[in-house]
Number of protein chains: 2
Amino acid sequence: MFKRECIVGIDIGGTKILTVVADMHCNVLAKVESLTNAFEGYERVIDRIVSSIYTALERAGIDVKEVCAAAACVPGPELDVKKGVVYFAGNLNWKNVDLKEILERKLKVPVFIENDANSAALGECLFGAGQGTSDMVYVTVSTGIGCGIIINKKIYHGASDSAGEIGHMVVLPGGPACSCGNRGCLEALASGTAIARDAKELAKKGCADAVLKAAGGEIEKINALAVAKAAKAGDGTAKEIFYRAGRMLGLGLANLVNLINPSLIVLGGGVMKSKELMWEPMEKEFYARAIKRAGQNVEIVSAELGSMSGIMGALAIARSYIE
Amino acid sequence: MFKRECIVGIDIGGTKILTVVADMHCNVLAKVESLTNAFEGYERVIDRIVSSIYTALERAGIDVKEVCAAAACVPGPELDVKKGVVYFAGNLNWKNVDLKEILERKLKVPVFIENDANSAALGECLFGAGQGTSDMVYVTVSTGIGCGIIINKKIYHGASDSAGEIGHMVVLPGGPACSCGNRGCLEALASGTAIARDAKELAKKGCADAVLKAAGGEIEKINALAVAKAAKAGDGTAKEIFYRAGRMLGLGLANLVNLINPSLIVLGGGVMKSKELMWEPMEKEFYARAIKRAGQNVEIVSAELGSMSGIMGALAIARSYIE
């Protein structure tokens, strides 16, 4: 008879899948990375997840019968946490995938499903920048802008598991088009995609030579990273693009704080790797817009777990199965 | 020995004070209305509250020794619910008033203090349009725009009792000035004050004759009620003012729903008495802006308790003292 005292965490991203095996204190015992290759279809992706889990277990010297529970975080925006169904995940090209049921059948352990931003929020709250806080918001600024709300050390899901869509908060009606079909969403103004779009538009007009150079001379290769590179090298145009994105982010965070009044905001995601380009305008706009008492009572800090925040949250969710 | 089985609710508004005595089921036994007359200073206002309570008790044939607890709701925006201190209430001209301590000393019963929009949210949740719902948001559109968030049938306060300030969500950067010092807040675009301001500006240009007539011919007397009167009589300019306010309200509600994902929004406040002038543009903008799953899962309805929502919430808070 095996004692079930291990847990499995899975982070299913658009590019890669991260799988870890951990003890009941969420100490990682083994870690496996594989490519998502979503174009192959969800069955193949799930097969790859399962084989990653077996690889990780093998590396940790653990039998699957010792696994108490597993949890997977997936990009939204549409999933049902209780049923474990991914209704729609654009990055994975998934529609109505019964992920919980399929993984439980293959692994024969209880499996939980969570939105990736929510999972990262929980990870940062319990193991990262939010340790010691029970109410906080995690905002990830990356290709898109996502958010997870933690109330009393638990993920706040809302009525239909859609809470936290700060990326689709309209902050500039009539502003630039967003991937969601609307205009002026925060995501369309302050995400990596927005930064790249603004730079491309300027490059097409011949107004962003330094950025273009940083992208290897091809307009289509301009991304937020190339803009950041040019900005860090001192290019005024690139700095201005980040400055404006920072201001809009600050405005969005003020709206969030005025509504939810958290004690902590943790900022993560790829764009935040260039946070020095955005932080000052972000704070300036935030403090100008937040109501006094709420603004004074919130701290804004950087995430601490990097690419591990989502999977650490998944481990906490798996562990909570036996608590 | 008296059995303590009565509760007292107090609603302290900028214009009037409402005081009720109720049984433990929150059935109102007696009700007293008096003028606030805030200009006389907080001591006199509190004296008037106390004498209103005694009048209400007398009318209900109840001795103060039978009162189990009392709760008062006050206009914010800055108060500490636990300490019972009103740091700042613009409408009352109060600063740092230790309301809980003063009332407890005078009444010799436990007293609780709550923000008026929060209290109204709880009132509507337990006794009004939100019955049967455990997670909802109450939004009041009046002179200003306030909001109370209910999670699991309890008021969600946030880190410093400031949660729910939807009125100061910026939805149009660079838009009209708000009383808070910012620009483009929802309150500056969709409140009764905003409606009156827009109408006055048009009247000054000679473009709002019907509204001006409804206000008795004096520009300074134009208020949201006069605009509503003209709109209901068919005036296009007045209808357009409400239409635009309705659209901005819908946008603000979509931002709220995208972030909090409630199952119900209850709309109250004076401006909502003319809801037929705003509801269609509000819904149109809301459904265009809300993310699909969150928008599909929320119902938007009118408040049911009218001017009693705040005080019914206060009664529920007083009752919870013995639960």
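Values below: all heavy atoms of this structure, side chains included; hydrogens, waters and symmetry mates excluded. So that the names make sense, note that chain A is the first sequence line, chain B the second, and so on, each numbered from 1.
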- Using non-hydrogen atoms and a 4.5 Å limit, figure out which bit of B:I151 sits close to chain A: side chain, backbone, both or neither. side chain
- Best-contacting candidate, A:V170, A:D161, A:I260, against chain B by heavy atom pairs under 4.5 angstrom: A:V170
- Task: Would you check if the side chain of B:D135 reaches a backbone N or O of A:A159 as a donor-acceptor pair within less than 3.5 Å?
- Result: no
- Using non-hydrogen atoms only, which part of A:N152 is less than 4.5 Å away from chain B: side chain, backbone, both, or neither? neither
- Message: Does any backbone or side-chain atom of B:L259 lie under 4.5 Å from a heavy atom of chain A? Answer side chain, backbone, both or neither.
- Response: both
- What part of B:F88 lies closer than 4.5 angstrom to a heavy atom of chain A: side chain, backbone, both or neither? neither
- Side chain, backbone, both or neither: which part of B:I166 has an atom under 4.5 Å from a heavy atom of chain A? both
- Query: Are there more than 12 heavy atoms of other residues, nucleotides or ligands under 6.0 Å from atom OH of B:Y321?
  - Reply: no
- Message: Please identify which of these residues, A:I291, A:N297, A:V257, meets the side-chain contact (heavy atoms from CB on, under 4.5 Å) condition with B:S162.
- Response: A:I291
- Hey, which of B:R247, B:R289, B:E285 is the one that makes side-chain contact (heavy atoms from CB on, under 4.5 Å) with A:P173? B:R289
- Item | Pairs meeting criterion side-chain hydrogen bond (donor to acceptor under 3.5 Å, both in side chains) with involvement of residues 250-269 of chain A, two or more places apart | A:N261-B:S160
- For atom CD of B:E280, decide whether the heavy atoms of other residues, nucleotides or ligands shown that lie under 6.0 angstrom number more than 12. no
- Query: Taking atom CD of A:E299 as the centre, does the number of heavy atoms from other residues, nucleotides or ligands within less than 6.0 Å exceed 12?
  - Reply: no
- Any sub-3.5 Å donor-acceptor pair from A:Y87's side-chain atoms to B:R293's backbone N or O? no
